[in-house]
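As structure tokens, the structure follows; a few thoughts come after it.
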There are 2 protein chains.
Amino acid sequence: MIFKEFGLTEQQWRVLRVLWEHKNVPFHELVGMTLIPAPSLVGVIDRLSRNGLVARRRSKSDRRQVSVYATEMGCDLEEKVRPRVEQAYAELRTAIDTTKWQQLIDGLEQLTQVGIDRPETAKVVRQQHQQHEGA
Amino acid sequence: MIFKEFGLTEQQWRVLRVLWEHKNVPFHELVGMTLIPAPSLVGVIDRLSRNGLVARRRSKSDRRQVSVYATEMGCDLEEKVRPRVEQAYAELRTAIDTTKWQQLIDGLEQLTQVGIDRPETAKVVRQQHQQHEGA
DNA sequence: TATTAATAATTCACATATTAATTAAAGTGA
DNA sequence: TCACTTTAATTAATATGTGAATTATTAATA
């Protein structure tokens with residue numbers, strides 16, 4: 001659980017990962033991407049923004065809508081986190097037999113082809129797959 | 001979710017079901033039987049006892065230990081609940097094809113033979129299985 | 001246009017999980 | 001017996017899930 005090393009909860013981690021990929025995500029989309037229920041997400045964002053990692057912004061066209069983005073501090077965090085993620089990933093890679101690893105990845109690939117409604121997941125897994133091949 | 005019809009939460013329901021089977025269960029055993037973490041269980045019991053369904057009792061031999069039991073009101077509730085449980089069970093039974101049902105039950109049977117560490121589950125399933133056969 | 005309906009985010013009240021700290025009661029050894 | 005340790009239950013602080021109610025804003029319609 002890498003996020004614990006950075007004083008983050010699992011939900012905060014999920015939100016941040018989305019915001020590292022997309023700047024300025026509408027609140028209701030964030031609900032769908034993180035699978036965190038709206039009333040909970042409000043609190044998660046409150047706490048993240050209290051720590052200066054993200055911030056809110058209201059849409060000009062429709063002032064009911066709110067979008068969220070990672071602050072500079074939030075973006076910086078990604079840089080600090082990346083090496084730990086890669087390290088953990090490497091450990092996992094060596095801990096599992098290469099063949100099994102490939103099977104696992106292939107299985108995930110297939111799964112994500114079905115899960116069209118969650119493009120984020122598919123994308124992340126695909127990226128990691130390629131990293132692995134390249135290593 | 002039958003328990004909702006009686007204003008109970010899932011955890012409260014789990015505690016009650018245990019206390020309907022055993023009178024006076026030591027707190028630490030209740031943790032194991034319900035799989036509810038101790039600090040949470042304290043609250044669950046608080047709320048149940050605030051509603052008069054269960055009560056605490058301290059061990060005379062070791063006054064650190066607490067055991068829990070269903071009050072008269074808590075026991076009465078079981079009588080009111082039973083018909084609803086049986087009804088829901090019947091609905092489930094007719095909703096599923098008889099053959100599939102049998103396969104399901106057989107599968108559970110096999111599972112419960114393995115799960116020696118949780119005799120309660122095995123017992124309940126076995127009882128219901130017999131009910132079904134008798135119907 | 002004045003009302004009314006629908007939406008988006010939020011708040012509220014409540015129950016629970018998690019981790020650490022606390023309290024009370026036993027147990028232990030010099 | 002006194003100081004020390006362990007154990008059982010509980011409390012505290014924090015984060016989250018759930019369902020209902022609110023608030024602000026926009027859309028729709030008579």
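Proteins come first, then strands; the chains are lettered A, B, ... in the order of their sequence lines, and each starts at number 1.
Using cut-offs of 30° and 60° on the angle between ring planes, the pair A/Trp20 and A/Trp13 is perpendicular.
Between the CG atom of A/Leu41 and the CZ atom of A/Phe27 there is a distance of 4.5 Å, given to the nearest 0.5 Å. For the atom pair CD of B/Gln87 and CG of B/Leu92, the computed distance is 12.0 Å after rounding to the nearest 0.5 Å. The line from CD1 of A/Ile36 to CD of A/Gln12 is 9.0 Å long, rounded to the nearest 0.5 Å.
Heavy-atom distances under 4.0 Å link DNA chain C to B/Ser61, B/Asp62, B/Arg63, B/Arg64 of residues 58-66 of chain B, given in residue order.
Computed from coordinates, the A/Gln11 CD to C/dT16 C1' distance equals 14 Å when rounded to whole Å. Distance B/Ile36 CD1 to C/dA15 C1': 11 Å, rounded to the nearest Å. Between the C1' atom of C/dA17 and the CZ atom of B/Arg47 lies a distance of 12 Å, rounded to the nearest Å. Summarising the geometry, the separation between CZ on B/Phe3 and C1' on C/dT16 is reported as 13 Å, rounded to the nearest angstrom. Atom pair A/Arg56:CZ and C/dA9:C1' shows a separation of 9 Å (rounding to whole Å applied). Nucleotide C/dA8 holds its P atom 15 Å from the CG atom of A/Leu41, rounded to whole Å.
Nucleotides of DNA chain D lying under 4.0 Å from heavy atoms of chain A occupy a range whose first and last members, 5' to 3', are D/dA15 to D/dT26.
A/Val81 places a side-chain heavy atom less than 4.5 Å from the side chain of A/Phe6.
When every heavy atom of A/Gly32 is checked against every heavy atom of A/Leu35, the shortest pair comes out as O-CD2, 3.4 Å.
Annotation: of the two residues near DNA chain D, B/Ile45 and A/Arg14, the 5′-most nearest-nucleotide partner is B/Ile45. Of the two residues near DNA chain C, A/Pro39 and A/Lys4, the one whose nearest nucleotide lies more 5' is A/Pro39.
Pairing for D/dA30 is with C/dT1, a Watson-Crick or G-U wobble pair whose two hydrogen-bonding atom distances lie under 3.5 Å.
No more than 12 heavy atoms of other residues, nucleotides or ligands sit less than 6.0 Å from atom CD of B/Glu72. Other residues, nucleotides and ligands contribute over 12 non-hydrogen atoms within 6.0 Å of the CZ atom of A/Arg84.
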### Query
Is there a side-chain contact (heavy atoms from CB on, under 4.5 Å) between B/Val66 and B/Arg57 once you walk through the steps?
CA-CA 6 Å; B/Val66 167; B/Arg57 177 183 293 148; over 6 Å; no
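Among the protein residues, B/Ser40 comes within range of the nucleic acid bases, having at least one heavy atom under 4.0 Å from a base atom.
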